[in-house]
Amino acid sequence: MLLDRSFRRTLIARLLLSAGPSTAAALLVAAPGCGGENEAAADTRCFDWDDALGACLGREQALEEFRTIHPLCASEEEIVSVESDATPRDGACCYEVIAEPAGPCAVGRPFSLEGQRRTAAPRPAEAGWLARGKDAGPGGRQPSLGDLTDAERETLAEGWLRSALEEHASVASFARFALDLMALGAPSSLVEAAHIAALDEVGHARLGFSLASAYRGEPVGPAALPMPRGVPVAADLVALARAAAEEGCIGETVAALLAAEQRARAEDPAVRAALEAIADDEARHAELAWLTVAWAIGAGGEPVRGAVADVFVAAAQSLRRPRPAEAGPPRGRAAALAAHGHLGGSTLRELSCAALAQVVLPCARALGLWSPGDLDSTRVPGVS
């Protein structure tokens, strides 16, 4: 699946600004797709020809090979059967397969303590966390509910409430990030951007709670965010850079691209306006993360670079593990939900996979932070 070309090109250009125009231009022309460029159709999967074999594998052996190498798109699908004999193509063995979708990915900048993500519980709300003024979109518009069933409204309310609670927690995450930066001597531009990002997340949370309240038919907002008396800051540049790479270079880059894809599919004007703001802001947050990593490497040298490289290697390796299949809603209902910004789990996973293959890993490679050769086993298809 190819992501929205215009938004993808713009985001890559921003993220690779420090890499030079020639590097960015090469990625803008042909960022690799999810699953590899050897694929001829959505139900065709390939892997590199093993010269030692002298020939492509039979169907049963090929199925075992697919389950062993776990290509990049295994994050959004699991190959359950091989339906054809091999067709050699451009140095690869290609097969017709049946694949089943898997569940969704979590993206964005979480607020984590002791390895656990923290979010507030929902509670009936007054106007304090509902969008107002510029956050409410053009004319303070509300989503149209007339054509939605009760079940669809409930699904949309739950989805937007979950998103709002995560955005609410991101305010705390950026507040701590600003403290991390100051504690480690970061330049004022990064500290300022971190505080601006926290304010962006306040706006995102208000939008989410407002939409959730509209679909729910009653106001809902956050309870108190669980918080210990002492919140630790990053111990050193290695810890700071590792967190920025995980939560920003990966999480927020993917989040920006997902929001852009949700916006492209949404039809409701209020939802489109909200997703427009969220996508643009998340792109700036992703840019901040990549700039932070660049500064930390410049200040801390090889130990920091090595820690960041490990993050991208781990991300690529984790995407090669298949996940259980997840049934989506009926096609008609899925279209109604998508018109209001809600995408099913398998679609989100497919888009997340495409975001990693087409933007995150190519950017990391262009900046010298990752390469397919860093993996312990077979090269990840789709990232050349």
Side-chain angles (χ1 to χ4, degrees), residues 103-133 135-137 142-143 145 148 150-180 194-195 197-233 243 246-248 251-252 254-255 258-259 262 270-271 274-275 277-278 281-282 285 326 329 337 340-345 348-349 352:
C105 295
V107 296
R109 180 179 287 271
F111 180 60
S112 299
L113 291 172
E114 298 178 347
Q116 299 294 320
R117 294 192 175 200
R118 303 283 185 100
T119 58
R123 69 174 179 183
E126 301 298 332
W129 277 96
L130 301 183
R132 62 182 186 275
D135 291 330
Q142 293 291 303
L145 309 178
L148 296 171
D150 290 344
E152 289 165 350
R153 287 182 58 176
E154 182 179 359
T155 297
L156 291 166
E158 291 176 354
W160 279 104
L161 178 57
R162 181 170 59 252
S163 175
L165 291 170
E166 291 169 353
E167 301 281 17
H168 173 263
S170 291
V171 180
S173 183
F174 273 113
R176 184 175 60 182
F177 179 51
L179 293 177
D180 291 341
H195 283 287
L199 293 175
D200 292 338
E201 299 292 6
V202 172
H204 298 176
R206 286 173 176 162
L207 286 170
F209 288 124
S210 295
L211 288 169
S213 298
Y215 292 118
R216 191 173 184 170
E218 59 183 10
V220 61
L225 180 66
M227 190 86 66
R229 289 184 177 273
V231 177
V233 297
E246 291 174 348
E247 300 171 358
E252 286 181 295
V254 173
L258 288 183
Q262 289 172 294
V271 172
L275 290 169
I278 292 171
D281 289 345
E282 294 294 352
H285 301 174
E326 178 180 287
L337 295 175
H340 289 260
H342 180 91
L343 300 180
L348 286 174
R349 184 163 297 283
S352 298

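Quantities reported herein were computed from a predicted structural model and do not represent experimental measurements.
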Margin query: To the nearest 0.5 Å, what is the distance between NE2 on His342 and CD on Glu152?
Written below: 10.5 Å
Next item on the list: Taking all heavy atoms of Leu343 and all of Leu348, pick out the closest pair and write down the distance.
Entry: O-CD1, 3.6 Å
Notebook entry, point to check: Between His340, Arg153, Gln142, which is the residue that forms a side chain to side chain donor-acceptor pair (under 3.5 Å) with Tyr215?
Noted result: His340
Item checked: Min side-chain heavy-atom separation Phe177-Glu247 under 4.5 Å -> no
Next item on the list: Compare every heavy atom of Leu165 with every heavy atom of Thr119, then report the nearest pair and how far apart it is.
Entry: CG2-O, 4.0 Å
Notebook entry, point to check: Short question: side chain of Ser213, backbone of Val220 - any donor-acceptor pair under 3.5 Å?
Noted result: yes
Next item on the list: Supply the atom-to-atom distance Leu156 CG to Leu161 CG, rounded to the nearest 0.5 angstrom.
Entry: 12.0 Å
Next item on the list: Would you give the length of the straight line joining atom CG of Asp200 to atom CD1 of Ile278, rounded to the nearest 0.5 angstrom?
Entry: 10.5 Å
Margin query: Quick one, Trp129 and Val202 - any side-chain contact, counting heavy atoms below 4.5 Å?
Written below: yes
Check: What heavy-atom pair brings Arg123 and Pro222 nearest, and what distance separates the two atoms?
Finding: NE-O, 3.2 Å
Next item on the list: Enumerate the residue pairs fulfilling salt bridge (Lys or Arg N to Asp or Glu O under 4.0 Å) with a member in residues 209-227, sequence neighbours excluded, ordered by first and then second residue.
Entry: Arg216-Glu218
Check: Which heavy-atom pair separates Arg117 from Ser112 by the least distance, and what is that distance?
Finding: CG-OG, 3.8 Å
Next item on the list: Report the distance from atom OG of Ser163 to atom CG of Leu211, rounding to the nearest 0.5 Å.
Entry: 9.0 Å
Notebook entry, point to check: Going from CD on Glu252 to CG on Asp281, what distance comes out if it is rounded to the nearest 0.5 angstrom?
Noted result: 10.5 Å
Margin query: Please find the pair of heavy atoms, one from Ala120 and one from Ala223, that lie closest to each other, and give the distance.
Written below: CB-O, 3.2 Å
Margin query: Which residue is it: Glu282, Arg206, Arg162? I am looking for the one with a side-chain contact (heavy atoms from CB on, under 4.5 Å) to Glu167.
Written below: Glu282
Notebook entry, point to check: Distance from Ser170 atom OG to His285 atom NE2, nearest 0.5 Å?
Noted result: 9.0 Å
Next item on the list: Taking all non-hydrogen atoms of both residues into account, name the closest pair between Val271 and Trp160 and its distance.
Entry: CG1-CZ2, 3.9 Å
Next item on the list: Would you please name every residue forming a side chain to side chain contact (heavy atoms under 4.5 Å, CB included) with Leu113, sequence neighbours left out?
Entry: Phe111, Arg118, Arg176, Pro228, Val231, Pro232
